[in-house]
Number of protein chains: 2
Amino acid sequence: MFDAMFKALSDPTRRKILRMLHKGDMTAGDIADRFSISKPSVSHHLNVLKQAGLVIDERKGQFIFYTLNTTVFQEVLTWFSEFVDRRKGDGHVPNR
Amino acid sequence: MFDAMFKALSDPTRRKILRMLHKGDMTAGDIADRFSISKPSVSHHLNVLKQAGLVIDERKGQFIFYTLNTTVFQEVLTWFSEFVDRRKGDGHVPNR
DNA sequence: TAGATATTTAGAAAAATATCTAAATACAAA
DNA sequence: TTTGTATTTAGATATTTTTCTAAATATCTA
């Protein structure tokens with residue numbers, strides 16, 4: 001699962017989408033309109049983010065709304081925390 | 001710079017290297033010995049990590065030691081923090 | 001200096017990824 | 001049901017990334 005998350009985060013377009021969703025939920029079309037790449041390409045990126053668990057999609061009539069899945073961000077945050085020196089104990093937590 | 005960092009973090013071999021270095025500095029050869037891929041491939045990964053600012057290298061005689069650059073981890077941590085709900089009124093309320 | 005060890009660089013092949021256009025699916029409105 | 005809008009799926013191509021072997025560079029030791 002970490003594999004998919006980091007892979008998803010490696011693309012700048014996808015990180016931009018995440019920052020947009022942080023301001024509020026959006027439809028696939030609204031997201032696509034903010035990029036110069038084609039709608040199918042944006043759809044592909046949205047799917048990668050979805051597979052990685054970083055976003056959730058929900059259809060409402062004609063539209064599909066995308067939402068951030070913040071719980072997963074918490075997990076990545078934890079992954080990174082292990083590397084940062086918090087000057088508490090020896091700060092070392094192994095594996096994963 | 002974030003671009004290079006996220007790119008570097010997207011590969012599982014490189015993340016494994018980072019976890020190894022977290023336990024202590026290592027030479028390129030010692031790192032390579034722990035993978036089944038060739039030394040030149042590991043050398044390539046080390047270079048990607050170095051370009052991303054995630055590790056620092058220092059030659060000592062015949063050997064080159066690699067070390068984690070924790071300050072950069074702190075920066076990525078900050079990037080992620082923005083997405084995590086810390087329940088401390090930053091004004092942002094998700095839709096629905 | 002010659003030989004041994006540590007590591008990287010060069011160049012090529014294979015695999016993965018991003019992107020496109022065209023077509024398909026899902027739903028709404030008339 | 002027909003038409004229009006929203007979005008995805010399919011299939012192809014171009015680019016990027018990973019990996020390899022062979023060769024080069026740097027340093028140590030005898």
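Each chain gets a letter, A, B and so on, in the order its sequence line appears, and its residues count up from 1.
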State which residues pass salt bridge (charged side-chain N to carboxylate O under 4.0 Å, His left out) with A:Arg15; sequence neighbours excluded, sorted by chain then number.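 Partners of A:Arg15 by the salt bridge (charged side-chain N to carboxylate O under 4.0 Å, His left out) criterion, ordered by chain and then number, come out as B:Asp3.
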
In chain order, what residues pass the salt bridge (charged side-chain N to carboxylate O under 4.0 Å, His left out) check against B:Lys16, with sequence neighbours excluded?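 Listed in chain order: nothing, the list is empty.
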
Can you list every pair that meets ring-ring contact (aromatic ring centres under 6.0 Å, His included) and has a residue in residues 33-70 of chain B, with sequence neighbours left out?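 Matches after skipping sequence neighbours: none remain.
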
How would you list, by chain and number, every residue that makes a side-chain contact (heavy atoms from CB on, under 4.5 Å) with B:Ile56, sequence neighbours excluded?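 Partners of B:Ile56 under the side-chain contact (heavy atoms from CB on, under 4.5 Å) test: B:Asn69.
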
Check every strand shown and say whether A:Thr13 touches a base, only sugar-phosphate, or nothing at a heavy-atom separation below 4.0 Å.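 Touches nothing.
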
Does B:Phe65 reach a base, just sugar-phosphate, or nothing at all? Heavy atoms under 4.0 Å.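 Here B:Phe65 touches no strand at all.
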
If I compare all heavy atoms of [X] with all of [Y], which pair ends up nearest, and what's the gap?
X	Y	value
A:His22	A:Leu68	CA-CD1, 3.8 Å
B:Leu54	B:Ala8	CD1-CB, 3.8 Å
A:Ser10	A:Arg14	OG-NH2, 4.1 Å
A:Val76	B:Phe80	CG1-CZ, 3.4 Å

Any residue of residues 53-63 of chain B with a heavy atom less than 4.0 Å from an atom of DNA chain D: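 Output list: B:Arg59, B:Gly61, B:Gln62.
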
Does B:Ser38 have any side-chain hydrogen bond (donor to acceptor under 3.5 Å, both in side chains) partners at least two apart in sequence or in another chain, and if so, which?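 side-chain hydrogen bond (donor to acceptor under 3.5 Å, both in side chains) check on B:Ser38 returns B:Ser41.
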
Who pairs with B:Gln51 by side-chain hydrogen bond (donor to acceptor under 3.5 Å, both in side chains), at least two apart in sequence or on another chain?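 Partners of B:Gln51 under the side-chain hydrogen bond (donor to acceptor under 3.5 Å, both in side chains) test: B:Asn47.
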
Length of the [atom1]-[atom2] vector between [X] and [N], whole Å:
X	N	atom1	atom2	answer
A:Lys39	C:dA22	NZ	P	16 Å
A:Leu49	D:dT8	CG	P	12 Å
B:Ile37	D:dT19	CD1	P	5 Å
B:Phe6	D:dT17	CZ	P	16 Å
B:Ile64	C:dT7	CD1	P	7 Å
A:Phe35	C:dA18	CZ	C1'	14 Å
B:Asp3	C:dT17	CG	C1'	15 Å
B:Asp30	C:dT5	CG	P	15 Å

Nucleotide of D:dT21, C:dA18, D:dT8 approaching B:Ser38 most closely (side-chain heavy atoms):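 Closest nucleotide among those given: D:dT21.
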
Among D:dT7, C:dA18, D:dC20, the one nearest B:Ser41 by side-chain distance: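 Of D:dT7, C:dA18, D:dC20, D:dC20 is nearest to the side chain of B:Ser41.
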
N or O in side chain of B:Tyr66 less than 4.0 angstrom from C:dA6 OP1/OP2: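 So the side-chain polar atoms of B:Tyr66 never come under 4.0 Å of the phosphate oxygens OP1 or OP2 of C:dA6.
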
Below 3.5 Å is the cut-off: list the nitrogen or oxygen pairs between protein and nucleotides 9-16 of chain C, distance only.
none

Salt bridge (charged side-chain N to carboxylate O under 4.0 Å, His left out) contacts in which one or both residues fall within residues 25-48 of chain B, not counting sequence neighbours: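 Checked against salt bridge (charged side-chain N to carboxylate O under 4.0 Å, His left out) - neighbours excluded - the pairs reaching residues 25-48 of chain B are B:Asp33-B:Lys39.
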
Residue pairs involving residues 58-74 of chain B (criterion salt bridge (charged side-chain N to carboxylate O under 4.0 Å, His left out); sequence neighbours excluded):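 Qualifying pairs: none.
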
Under the rule of Watson-Crick or G-U wobble with both distances under 3.5 Å, where | means paired to another strand and [ ] a crossing pair, DNA chain D maps to ||||||||||||||||||||||||||||||

